[in-house]
There are 2 protein chains.
Amino acid sequence: MKFNIKKQSFYKALSSVGRAASTHSPLPILSGIKFELRDDALTLIASDSNISIKEVLYANDENKLNVYEEGEVVLESRYILEAVRKLDSDFIDFEIIDGALTRISGNKAEYNINGSKAELYPTIDFTKPTKEFKMPGFKLSEVIQQTAFVCSTSEDRPIFTGVNFKADGNTMNCVATDSYRLAKKSIDLPTPMDFNICIPAVNLYEVSKTISDNKDVHIAVSDKLVQFYVDSTLIQSRLIDGLFPDVNRLIPAEYGFELTVNSHDMISAIDRSSFLKSDGYWTVKLEASNEGVLISSKSQEIGSSEEILKPIDYIGGNLKISFSGRYMIEALKSFKTDTVKILFVGEMQAFILKNPEDDSIVQLVLPVRTFD
Amino acid sequence: MKFNIKKQSFYKALSSVGRAASTHSPLPILSGIKFELRDDALTLIASDSNISIKEVLYANDENKLNVYEEGEVVLESRYILEAVRKLDSDFIDFEIIDGALTRISGNKAEYNINGSKAELYPTIDFTKPTKEFKMPGFKLSEVIQQTAFVCSTSEDRPIFTGVNFKADGNTMNCVATDSYRLAKKSIDLPTPMDFNICIPAVNLYEVSKTISDNKDVHIAVSDKLVQFYVDSTLIQSRLIDGLFPDVNRLIPAEYGFELTVNSHDMISAIDRSSFLKSDGYWTVKLEASNEGVLISSKSQEIGSSEEILKPIDYIGGNLKISFSGRYMIEALKSFKTDTVKILFVGEMQAFILKNPEDDSIVQLVLPVRTFD
């Protein structure tokens with residue numbers, strides 16, 4: 001195995017694939033990247049059985065890949081990445097010199113890295129499922145950014161660690177919840193589809209790192225896995241087993257109170273009370289009336305805070321409701337818009353946040369019971 | 001106790017003092033900052049018994065301190081710092097409203113923070129020792145930057161966790177060692193002094209954060225403590241007990257081999273082999289002869305690296321010596337100069353690094369024995 005390639009293209013592909021290499025897998029070889037060199041292309045593969053990434057570099061004018069001798073090898077991800085990054089050279093020479101011992105060189109420096117034989121690497125099935133559709137990169141980015149942050153990080157209920165993608169005809173609903181809050185985003189599909197899958201949030205974050213805003217992402221779905229095709233990169237994620245609960249009935253349809261705020265003002269006001277948090281958590285009380293809106297917070301141990309918020313508009317009578325400061329800030333931030341509408345049913349009822357100009361996204365937050 | 005002050009000046013003083021507040025002291029009140037308000041000045045004090053910082057803000061045009069009512073209180077450092085930082089206001093109102101309950105407000109927001117009575121705070125003696133001298137800020141910065149990194153971080157031999165400052169007449173020698181390497185910096189004193197103290201490296205780092213390059217630092221020394229006066233800030237550090245070993249005899253006076261290198265080239269060459277490190281440590285072999293200089297490194301597990309270094313000059317015969325890559329990089333970096341001279345006695349002897357244009361600083365590194 002022997003080739004020469006532009007350092008920049010090689011390093012970019014290595015970093016992209018390297019994200020899937022496992023650092024603490026029971027199978028040590030999974031901490032490596034598999035290199036497959038054929039006549040016209042270099043294929044890089046890494047996987048931790050949860051997520052697998054494949055990158056195919058066809059020889060072209062950008063990467064200047066020159067293949068001298070086909071072959072295969074597996075190299076430890078962090079060593080090959082650091083070696084290539086540190087080489088002070090525009091081009092990298094890569095050559096197996098003995099068994100799996102691989103020489104990487106450029107300019108004055110030369111590294112020999114102990115690799116493993118490619119036969120030892122488990123076969124990863126990258127067969128494309130038949131259900132397939134495409135989406136603009138920026139749209140998929142938005143879906144992930146507006147839903148995945150809601151997912152639970154605890155493995156107590158695995159189904160809540162993923163985002164539910166449910167397609168029914170030309171609509172796809174993407175829903176995430178950790179049972180204290182919920183995000184729901186609706187997407188129009190170009191062709192009718194039919195699937196109901198739950199994708200781990202951590203894998204969606206990896207996908208969003210790879211997406212280019214102005215390019216289409218091709219998504220292929222089976223009942224076992226999902227594939228995201230972005231340029232020369234294929235990201236394959238396992239799905240979370242189990243039935244995602246039907247959450248539509250949780251989103252209230254009628255409201256008694258309607259508060260319209262400048263999102264930045266409200267985020268700042270809540271953030272200012274965050275010095276009262278303990279373990280990252282603090283409860284904020286909102287008191288709204290026709291006279292104004294008061295934001296306050298209290299901690300037995302530390303002290304208290306209060307401030308007056310000037311809303312854009314408020315319709316409704318007297319309302320007093322408490323919620324997690326962090327959940328409210330994250331919900332407000334997800335809209336990336338100046339104006340947000342908060343719709344309340346009543347004092348101990350779940351409330352929702354909406355963008356007045358975009359009905360596709362709803363954030364729901366459960367209130368917190370306080371005793372004062 | 002009641003005052004009003006410019007947020008920026010207040011926050012700056014709080015952050016400076018807050019660095020000494022202890023987060024895990026057995027005495028909980030030491031996690032606080034003590035506020036003492038008198039007619040014309042606000043004094044802030046924090047201490048963790050290892051380091052104490054005092055900041056005196058006299059009312060002036062910059063801080064716009066307005067004193068309405070004298071008084072004292074202790075507030076938890078992290079809460080008051082975060083509260084003041086987050087207040088969206090140019091001026092801060094500070095007032096004890098009940099016992100030790102303190103109100104901090106500005107613009108629309110208002111915080112009440114539970115404090116502690118000032119009487120509960122231990123008395124810290126800031127009496128100035130009689131031995132005193134001054135030094136330009138940039139000079140003291142340089143001393144710290146060129147020596148403290150060598151100190152040991154292990155408490156096995158406490159004396160090695162500090163820098164030895166030894167004044168004898170008009171010369172002060174500042175020495176640090178962890179028994180594997182050593183740094184020695186000589187300073188001319190404006191007046192003859194006589195002391196021999198060892199200051200904890202961690203405290204010196206705090207001092208260097210406070211120093212302004214173009215202002216003098218006044219240093220007062222006793223056999224118990226050292227004080228650094230920087231503008232309105234006083235930093236007081238305990239000393240490390242015990243006798244610092246005499247290291248002068250360790251620095252060889254004659255050399256058989258003299259290698260002059262471009263410091264950046266040598267740092268890059270050694271850094272390129274750092275992917276071979278495990279636990280932050282890797283051994284680098286240098287082979288010099290009249291033909292050239294070869295830098296190589298080897299790890300049984302990972303692989304090997306080698307590259308040719310073009311020296312500026314080399315005088316001496318064949319030399320083969322191994323050393324810690326990290327120690328060598330840190331020693332080279334401490335000079336902040338393009339050219340560094342490395343002087344070797346022989347294969348298994350300590351060697352030194354010098355700046356050809358500045359004799360005041362010497363770095364010494366012990367070689368590592370290798371078996372190949």
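The structure displayed is predicted, hence computed values, not measured ones. Residue numbers start from 1 in every chain, and the chains themselves are labelled A, B, ... in the order their sequence lines are given, proteins ahead of strands. In what follows, every heavy atom counts, from backbone to side chain, and hydrogens, waters and symmetry copies are set aside.
- Crowding of A:Glu95 atom CD: a count of heavy atoms from other residues, nucleotides or ligands under 6.0 Å exceeding 12.
- Within 6.0 Å of the CG atom in A:Asn290, the count of heavy atoms belonging to other residues, nucleotides or ligands exceeds 12.
- In the displayed structure, A:Glu72 atom CD is contacted under 6.0 Å by more than 12 heavy atoms of other residues, nucleotides or ligands.
- Surrounding NZ of A:Lys86 are more than 12 heavy atoms belonging to other residues, nucleotides or ligands, all under 6.0 Å away.
- Ranked by heavy-atom pairs shorter than 4.5 Å toward chain B, the options A:Ile295, A:Thr102, A:Ile113 are led by A:Ile113.
- Closest heavy-atom contact between B:Arg272 and A:Tyr111: O-OH, 2.7 Å.
- Along residues 300-316 of chain B, the residues that come nearer than 4.5 angstrom to chain A, judged on non-hydrogen atoms, are B:Gln300, B:Glu301, B:Ile302, B:Gly303, B:Ser304, B:Ser305, B:Glu306, B:Glu307, B:Ile308 in order of number.
- The ring-ring contact (aromatic ring centres under 6.0 Å, His included) check on A:Phe10 picks up A:Phe3, with sequence neighbours excluded.
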Please tabulate, for side-chain N and O atoms in residues 276-284 of chain B, each donor-acceptor pair with protein atoms closer than 3.5 Å (sequence neighbours left out).
residue: B:Trp282; atom: NE1; partner: B:Ser273; partner atom: OG; Å: 3.0

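- Scored by the side-chain contact (heavy atoms from CB on, under 4.5 Å) test, B:Asp90 finds no partners at all (sequence neighbours excluded).
- Neither the backbone nor the side chain of B:Glu76 comes within contact range of chain A; no heavy atoms are under 4.5 Å apart.
- Most heavy-atom pairs under 4.5 Å with chain B: of the set A:Ser274, A:Ala269, A:Ser297, A:Ser268, this distinction falls to A:Ser274.
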